[in-house]
Amino acid sequence: AQTIHQWPVAEIKAVGSPLSLGCTIKGKSSPNLYWYWQATGGTLQQLFYSITVGQVESVVQLNLSASRPKDDQFILSTEKLLLSHSGFYLCAWSLGQLNQDTQYFGPGTRLLVL
Amino acid sequence: GDSVTQTEGPVTVSESESLIINCTYSATSIAYPNLFWYVRYPGEGLQLLLKVITAGQKGSSRGFEATYNKETTSFHLQKASVQESDSAVYYCALGAHNYAQGLTFGLGTRVSVFP
């Protein structure tokens, strides 16, 4: 069975500080990986996707970056947090085939920037 | 771009009553998108409730049903008799058959079921 793990569970960070959020997927080789973000009261918004190691595409510019250093790992980061980065971050995976857009989500990381 | 609009919450309903959460979509990137309902129970992650990929067909799971209506561009979620354990946030979403594009979500509807 596939499992998806996100870390940390929650963070409180200062404006201007760096951030690194992680996601690992076990039990599925070569998945498509995604980062989503949900501001308080807002909808889930896709930030990045990756279909293979080392390749990441940005969907929305939020002064964040993402990397995929391993097949099963997806990292979201920034060197300088903004207040607007607060929210809920979700990692997701899907099968690497056309027409397979069902996505499976991790438990999420709640971020508060002060 | 694509968009999804759903019933604004919170929705409060008594146990054993019926529930309907409205969802309408606008798909500009594709004529026949895949449609999804996801659910987040308290303290848990977002999980797939049901998915329908063919217009006119109905999906069902855990007593919930939703029919893909191309004419009205709707995908309403219904349950005839809810239980307290159905208390959750429900999200309607649209997929464009493109694994790279991601899903377009509605704002979510918080449902509270009281005994």
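Each chain gets a letter, A, B and so on, in the order its sequence line appears, and its residues count up from 1.
In this structure, E15(B) places its CD atom where more than 12 heavy-atom neighbours from other residues, nucleotides or ligands lie under 6.0 Å away. Heavy atoms of other residues, nucleotides or ligands lying less than 6.0 angstrom from OH of Y41(B) number more than 12. Around CG of L83(A), the count of heavy atoms belonging to other residues, nucleotides or ligands within 6.0 Å exceeds 12. Residue E79(A) qualifies as open at atom CD: its count of foreign heavy atoms under 6.0 Å is 12 or below. The environment of NZ in K70(B) is crowded: more than 12 heavy-atom neighbours from other residues, nucleotides or ligands sit within 6.0 Å.
Here the CZ atom belonging to F88(A) is positioned 8.5 Å from the CG atom belonging to L46(B), to the nearest 0.5 angstrom. Residue Y91(B) holds its OH atom at 5.5 Å from CG of L44(A), rounded to the nearest 0.5 Å. Here Q45(A) contributes atom CD and T104(B) contributes atom OG1; the two are 10.0 Å apart, rounded to the nearest 0.5 Å.
Placement of I20(B) and V52(B) in two distinct hydrophobic clusters is found when ILVMFWY residues are connected by side-chain heavy-atom separations under 4.5 Å, directly or transitively. Clustering ILVMFWY residues whenever any of their side-chain heavy atoms sit less than 4.5 angstrom apart, transitively, puts V59(A) in the very cluster that holds L76(A). Note on I75(A) and I25(A): separate hydrophobic clusters, where clusters join Ile, Leu, Val, Met, Phe, Trp and Tyr whose side-chain heavy atoms are under 4.5 Å apart, directly or indirectly. At a threshold of 4.5 Å between side-chain heavy atoms, the hydrophobic network of Ile, Leu, Val, Met, Phe, Trp and Tyr places L50(B) and Y32(B) in one connected group. Follow the hydrophobic side-chain contacts under 4.5 Å out from Y89(A) and you reach V60(A) in the same cluster.
Taking 4.5 Å as the limit, some side-chain heavy atom of L103(B) sits within range of a side-chain heavy atom of Y36(A).
Residues of residues 106-114 of chain A lying under 4.5 angstrom from chain B, judged on non-hydrogen atoms, are G106(A), P107(A) in numerical order.
At a 4.5 Å heavy-atom cutoff, the contact between Q38(A) and chain B is made by side-chain atoms alone. Both the backbone and the side chain of L107(B) come within less than 4.5 Å of a heavy atom in chain A. When heavy atoms are compared at a cutoff of 4.5 Å, L90(A) approaches chain B solely by way of its side chain, counted from C-beta outward.
Between the side chain of Y38(B) and the main chain of Y104(A), no donor-acceptor pair closer than 3.5 Å is present.
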